[in-house]
Amino acid sequence: MRRAASSSLNRLLSNLTKAIPISQNAPRTLHPQPPPPPLITLPQFPKPSSSRTLTTLTTTAVTDSQRNPQVISQSHDAFESATQTEDILSAFKQMESTLSEDDDRLGLACLKVGQYLDSIASPDHDRTLSFASRALSILDRPGRDEDITVAMALHLMGSVAYNAKRFHDGLGYLNRANRILTKLEQSGDDDDDDAEFDPRAVAHAVQLQLANTKTAMGRREEALVNLRRCLELKELILDPGSGELGDAYRDLAEAYAAVLNFKVALPLCLKALETHETDLGPDSVEVAHDRRLLGVIYLGLEEHQKALEQNVLSQRALKELGMTSDLVDAEIDAANIHIALGKHEEAIDTLRGVVDRTDVDGMTRATVYIVMAKALAHQEKTSELKRCLDNACRILDKEEESARPGKIAEAYTEVAPLYESMNKFKTAMSLWKRAAAIYEKCPEEQHAEGNVVARIGWLLLLTGKVEEAVTYLESAAERLAECFGPKHFVVGYIYNNLGAAYLELDRPQSAVQMFELAKDILDVSLGPNHVDSIQACQSLANAYNAMESYDLSLEFQQQVVDAWKGHGESAEDELREAQRLLKEIKRKVQGSSSLLDVVP
């Protein structure tokens, strides 16, 4: 689990320099896949005794042999004591022979076997599904709209569907399970201390699976609602200072960081750090991982020095703990932070110290080459940059058929922009399309595919292939609006690119619609004085100018001038150009007024 978390942090940090630009000064964006939150084990089924059995749940009569308490007890004991897969299945078969098909005890046994197979990630999805569907058919009878065992069976069906990548089917089961648990909560039945199963634990499992399923479908903003509910439930279930609760804070922080909501992620990560320090001590593994994530968040907030401070503390702890692999990842993190600080030589020196500790043809070696290439790109050392990229691509080509297609595709998306920086657009386009082809085969990577499609559209626009660009950009806008929500700033960037494409195709009205959408989104997401928001406003002024709607063009051009004034000396050139355009538009307004005066 910790290794998965480490991998996700690598994605977060390395992707902070990626872009879906609306100009040559590309804004930064991010498209990592967040790690699935930690699994929670559903309650174990109780062992029946002479004083307490589940016979009260049985609704259909059974034979005399089946009623024999000794036979039932022996078969149940064998079932409960089995720990290996074959033993569990054998014991189930024996127990099955003592119960009728509509006996709830059989339904619960099917549920338990299905949960076990699901928990060990059995490759035989059909067998797991057969136990899950059988459990649901036995337990889900009329009048059981508020039965927690039905919710548990639905949760299992949702989990099996998720593992089989049938996300829409899984969502249906999970939503129904959630409705049952909501009714239980509203009726107050979940407060019963004598309940067989803790409804809060079941609710947590359902919310967690909902979050995973929605994330896999690309609906990340919706998944955050479920992850927030997971945290609320854990706060009710766990002691305030428990390490597991600290894990929950960090998981949610990482999920918010994955959608670039660093402001919300920061307090959650600080809470995780505080909880883990209190529970496990300042030099624990969990604290080291908290500090790594905190460094990523500070980098996203452009508080680079704080990011570096957290990285140094994390490295120190990982070194003392002897976690060499995680230490290498943290050192690569440090190189990325140095690049953000403009300390390119320090980044390169750090990476040179790392490269010999990685496998020659391993993905970590490829990552080192890619990050080093980013530093060399800033130094405009073209020959060394190309050598690093060629070495990275050599490794990626060997790994493309590996079991980690998403990671390979992600690496291609880091390499492609660096080829763009050398004006090698054909090579870059080839890599973008290879990444898109890989992501297309991974239904859980819809958000990543959307970002890649957007970048292809931008590159086509940049190289003059405007009509083809529009197709890609329209597709990307639709996908990413579904993934991140229609008001996410990444969607705003794509609308701005679409507007530019429509303007090139002499479709100014369509361009205006796109620029207005982009401006509204970016003003809210980034603030009206952000460079990219100003650019969107400038694009809108240009589009109205092209339509000869000079009054509207003047209004937005004045907003551009006022916004650049707020940037002071750092934007003198931009302000000068904006003022020049403002004067031109004013002359056009005056000219159009003069023409109106002479019209009889």
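Keep in mind the model is a prediction, meaning the values are calculated, not measured. Along the sequence shown, the residues carry numbers beginning at 1.
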* From CA spacing to verdict: side chain to side chain contact (heavy atoms under 4.5 Å, CB included), R352, M372 -> CA-CA 9 Å; R352 282 175 179 157; M372 189 176 290; 4.0 Å; yes
* Using a 4.5 Å cut-off on heavy atoms from C-beta on, say whether the side chain of H276 contacts that of D247. => yes
* Asked: Are more than 12 heavy atoms from other residues, nucleotides or ligands located less than 6.0 Å from atom OH of Y249?
  -> yes
* Asked: Is there a donor-acceptor contact under 3.5 Å linking the side chains of D523 and H530?
  -> no
* Which heavy-atom pair separates V264 from N261 by the least distance, and what is that distance? -> CG2-OD1, 3.2 Å
* Might you point out which heavy atoms bring Y472 and V453 nearest each other, and give the distance in Å? => O-CG1, 3.2 Å
* **Sidechain-backbone polar pair: T213 side chain, F167 backbone, donor-acceptor under 3.5 Å** => no
* Reference residue K306; test side-chain hydrogen bond (donor to acceptor under 3.5 Å, both in side chains); the match among E309, Q310, E303, H304 -> E303
* Nearest-0.5 Å distance that lies between atom CZ in F262 and atom CD1 in I297 -> 7.5 Å
* Asked: Is it true that the side chains of E420 and W458 contain a donor and an acceptor less than 3.5 Å apart?
  -> no
* To do: State the CZ-OH distance between R220 and Y256, to the nearest 0.5 angstrom.
  => 13.5 Å
* Contact summary for A257 and A265, nearest pair of heavy atoms -> N-CB, 3.9 Å
* Structure fact -> Interatomic distance, CG@D251 vs SG@C230, rounded to 0.5 Å, equals 9.5 Å
* Asked: Would a 4.5 Å heavy-atom cut-off, applied to side chains only, mark H567 and E574 as touching?
  -> no
* Asked: Counting heavy atoms not belonging to E478, are there more than 12 under 6.0 Å from its CD?
  -> no
* To do: Answer yes or no: is there a donor N or O on one side and an acceptor on the other, between the side chain of R250 and the main chain of G246, under 3.5 Å?
  => no
* Asked: Are the side chain of N311 and the backbone N or O of A330 linked by a donor-acceptor pair below 3.5 Å?
  -> yes
* Nearest heavy-atom pair of L418 and A373: which atoms, and what distance? -> CD1-CB, 3.8 Å
* **Heavy-atom side-chain proximity of I408 to R434 below 4.5 angstrom** => no
* Structure fact -> The side-chain hydrogen bond (donor to acceptor under 3.5 Å, both in side chains) partner of R365 among D359, T358, N391 is T358
* Asked: Going by atom types only, do E222 and N226 share a side-chain donor-acceptor pair under 3.5 Å?
  -> no
* Might you work through the side chain to side chain contact (heavy atoms under 4.5 Å, CB included) test for S314 and D333, ending with a clear yes or no? => CA-CA 10 Å; S314 178; D333 292 353; over 6 Å; no
* **Distance, nearest 0.5 Å, that separates CD of E232 from CD1 of I237** => 12.0 Å
* Asked: Is there any salt bridge (charged side-chain N to carboxylate O under 4.0 Å, His left out) pair reaching into residues 264-283, and which pairs are they, with sequence neighbours excluded?
  -> E277-R291
* Separation between CD of E185 and CG of N178, rounded to the nearest 0.5 Å -> 9.5 Å
* Could you grab the distance from atom CD of E449 to atom OG of S475, nearest 0.5 Å is fine? => 7.5 Å
* Would you say E384 and Q379 make side-chain contact, with heavy atoms under 4.5 Å? -> no
* Ion pair check, K374 and E414, cut-off under 4.0 Å -> yes
* Beyond-backbone contact of D326 with H289, side-chain heavy atoms, under 4.5 angstrom -> yes
* To do: Evaluate the side chain to side chain contact (heavy atoms under 4.5 Å, CB included) criterion for residues F489 and V524: first the C-alpha distance (whole Å), next the side-chain angles of each, then the deciding distance (0.1 Å), finally the verdict.
  => CA-CA 9 Å; F489 71 85; V524 172; over 6 Å; no
* To do: Before accepting this row, confirm whether a basic side-chain N of the pair E410/K407 lies closer than 4.0 Å to the acidic partner's carboxylate O.
  => no
* Structure fact -> In short, salt bridge (charged side-chain N to carboxylate O under 4.0 Å, His left out) pairs touching residues 162-182 with sequence neighbours left out are D140-R176, K165-E444, R166-D169
* Asked: Given side chains that start at C-beta, do those of V531 and W564 come closer than 4.5 Å, heavy atoms only?
  -> yes
* Asked: What is the ring orientation for F484 with H447, classed by angle as parallel under 30°, tilted 30 to 60°, or perpendicular over 60°?
  -> perpendicular
* **Over all atoms of both residues, closest heavy-atom pair of D118 and T128** => N-CG2, 4.1 Å
* Is the backbone of N529 close enough, under 3.5 Å, to the side chain of S533 for a donor and an acceptor to pair up by distance? -> no
* Heavy-atom closest contact (A223 atom, K214 atom, distance) -> CB-CB, 4.0 Å
* Asked: Is there a side-chain contact between L273 and V287, using heavy atoms and a 4.5 Å cut-off?
  -> yes
* Side-chain heavy atoms of V360 within contact of I395, under 4.5 Å -> no
* Evaluation steps, side chain to side chain contact (heavy atoms under 4.5 Å, CB included), between Q315 and L327 -> CA-CA 6 Å; Q315 281 194 52; L327 179 59; 4.0 Å; yes
* Greater than 12 external heavy atoms within 6.0 Å of E345's CD -> yes
